[in-house]
Amino acid sequence: MPPDFRISRSAAAVAPFLAMDILERAQELEREGADIVHLEVGEPDFDTPACVQRAAEAAIREGRTHYTHSLGLWELREAVAQHYHTEYGVRVEPERVLITTGTSGGLALLMALLLDPGDAVLLPDPGYACYPNFVRAFHGEPLRFPTIAADGYRYDPAAVHAALTPRTRALIVNSPSNPTAAVQDLSTLEALAGLGVPVISDEIYHGLTYGSCAPSMLQATDRCFVLDGFSKRYAMTGWRIGWLVAPREYVPALQRLQQNLFICAGSVAQYAGLAALREAGDDVQAMRAEYALRRDVLLRGLRDLGFGIPAEPRGAYYVLADARHLDGDSVRLARRILEEARVGVGPGRDFGAAEGYLRFSFASARDRIEEGLRRLRDWLPHAHPGMDR
Ligand code: PMP
């Protein structure tokens, strides 16, 4: 029999991440000498805090560069457990904490843990572009429940309940949310926890809120999976380090998966993460204060330019803006804005029910946001023929 070089149906079903397409085209333009304002990327422009850099340098110098325990360094697991006690007043035993290769690594472990072919995972809509692709890559079926802009993108437990099927093996909750920047309150989390389906709470944007703090799913229930990490609030996207808190009885199976799929998270990154949790509190505070200023500049600027912003961002670093008055096709619009105005923006289509919207990130510096707004102001009269602004 000749070899069959097809890729799997699951791999073929994984969709491209459109914001990355915009970023990659922007980088191509930059190589040709263009100056691009990047509002398309969900990545802090801050350097990793100095105390974290020093800890990583010391780890390298001292040869702490080998495999660690598959579940992670014990001190780091303890520090994560302590973090839940300090920040949320909940008790998490370090034995329930796994250190992962970013939140993404944790999500891969959970999909492998929970899904058999054809099982479903229920996702928020709009929601993070990669969720459905994680589900598909692990032979599952992504299903969505609606959240509504006019309602502040609040999760409606009744709508979630209505979307459950007998094959639903998990519900993903993301607060603060990418892309809506909505924060769910504790009573909503409690209602979701009571639906009887395993909850995966992606809390990667915790610590980045503008107003009241985001409650953790662990305050609502012990019987959930919580993903978090260092990428966003510690400006450590490139270190690829995160964690997963799981109910105790799932830890042995997760450990087997981690041993086989990843062996362990990177050792140097784990020492860096330890320093972040122990020492980088002030750095996080300073970055959050700067994000709050950027948020106000972007929000005001976009409103002045005529974008509809039905729900103000309460967390993360995104503004999801209604651009349907310009073009209902968000990919075409984002491409034009990049080519013609030299501003990168995220097409809403990436995120499910956000077609016609654009996602603007305020993870870029304030002067770059202001420059992006100026370019949009100059470009808008050319947005479509005959448009008079
Ligand atoms: N979840 C959400 C909602 C995200 O926005 C991202 C990053 N864009 C991730 C998970 C992945 O984060 P990490 O760097 O920890 O893998």
Side-chain angles (χ1 to χ4, degrees), residues 16-23 38-46 48 52 72 76 80 97-111 121 123-135 137 142 144 147 153 155 170-184 199-209 214 216-217 225-245 258 261-262 265-266 269-270 272-273 276-277 291 313-320 344 346 348 350-352 354 359-364:
F17 193 177
L18 299 168
M20 292 306 290
D21 285 352
I22 295 284
L23 173 64
H38 291 280
L39 304 180
E40 77 279 34
V41 281
E43 175 159 28
D45 69 327
F46 296 108
T48 295
V52 177
L76 181 53
V80 170
V97 177
L98 278 80
I99 306 303
T100 55
T101 310
T103 310
S104 307
L107 204 47
L109 291 176
L110 288 177
M111 295 297 105
V121 178
L123 310 172
D125 197 8
Y128 177 44
C130 301
Y131 291 149
N133 294 320
F134 270 96
V135 177
R144 299 170 195 260
T147 66
Y153 297 109
Y155 291 8
L171 160 68
I172 295 187
V173 172
N174 178 216
S175 164
S177 153
N178 176 7
T180 69
V183 174
Q184 307 300 322
V199 174
I200 298 172
S201 182
D202 177 353
E203 303 186 354
I204 184 76
Y205 291 101
H206 271 233
L208 297 180
T209 47
S216 170
M217 188 55 88
F225 299 95
V226 169
L227 294 163
D228 197 350
F230 298 90
S231 288
K232 308 292 177 173
R233 68 180 166 284
Y234 295 105
M236 289 175 63
T237 41
W239 297 77
R240 309 311 306 129
I241 182 90
W243 70 76
L244 161 61
V245 181
Q258 173 92 320
L261 299 188
F262 297 101
Q270 292 193 55
L277 281 172
Y291 286 132
R314 293 180 55 208
Y317 34 57
Y318 305 111
V319 177
L320 193 58
D350 257 339
F351 308 103
R359 191 195 70 175
F360 294 84
S361 160
F362 49 93
S364 288

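Order of listing sets the numbers, starting from 1, for every ligand and every atom in it.
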(request) Please identify each residue that fulfils side-chain contact (heavy atoms from CB on, under 4.5 Å) with Q258, with sequence neighbours left out. (result)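 Counting only residues at least two positions away or on another chain, Q258 forms a side-chain contact (heavy atoms from CB on, under 4.5 Å) with S70, L109, F262.
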(message) Once side-chain contact (heavy atoms from CB on, under 4.5 Å) is applied, do any residues pair with A265, and if so which ones, sequence neighbours excluded?
(response)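 For A265, the residues satisfying side-chain contact (heavy atoms from CB on, under 4.5 Å) (neighbours in sequence not counted) are I99, T101, I241, Q270.
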(request) Say whether, by atom type as modelled, one donor and one acceptor occur between the side chain of Q184 and the main chain of Y153 under 3.5 angstrom. (result)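 Present.
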(request) Run through N178, T180, D350 and flag the one making a side chain to side chain donor-acceptor pair (under 3.5 Å) with R359. (result)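 Among the candidates, only N178 passes.
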(request) Using ring-ring contact (aromatic ring centres under 6.0 Å, His included) as the criterion, list what pairs up with F225, not counting sequence neighbours. (result)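 Scan of F225 (ring-ring contact (aromatic ring centres under 6.0 Å, His included), adjacent residues dropped) gives Y250.
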(message) To check you understand the geometry: which heavy-atom pair defines the closest contact between V319 and P313, and what is its length?
(response)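 Here V319 and P313 meet closest at CG2-CG, 3.9 Å.
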Distances for all N or O pairs of ligand 1 and the protein under 3.5 Å?
| residue | atom | partner | partner atom | Å |
| --- | --- | --- | --- | --- |
| ligand 1 | 1 (N) | D202 | OD2 | 2.6 |
| ligand 1 | 5 (O) | N178 | ND2 | 2.9 |
| ligand 1 | 5 (O) | Y205 | OH | 2.7 |
| ligand 1 | 8 (N) | K232 | NZ | 3.0 |
| ligand 1 | 14 (O) | S231 | OG | 2.6 |
| ligand 1 | 14 (O) | R240 | NH1 | 2.8 |
| ligand 1 | 15 (O) | T103 | N | 2.7 |
| ligand 1 | 15 (O) | T103 | OG1 | 2.8 |
| ligand 1 | 15 (O) | S231 | OG | 3.4 |
| ligand 1 | 16 (O) | T103 | N | 3.3 |
| ligand 1 | 16 (O) | S104 | N | 3.0 |
| ligand 1 | 16 (O) | S104 | OG | 2.5 |
| ligand 1 | 16 (O) | R240 | NH2 | 2.8 |

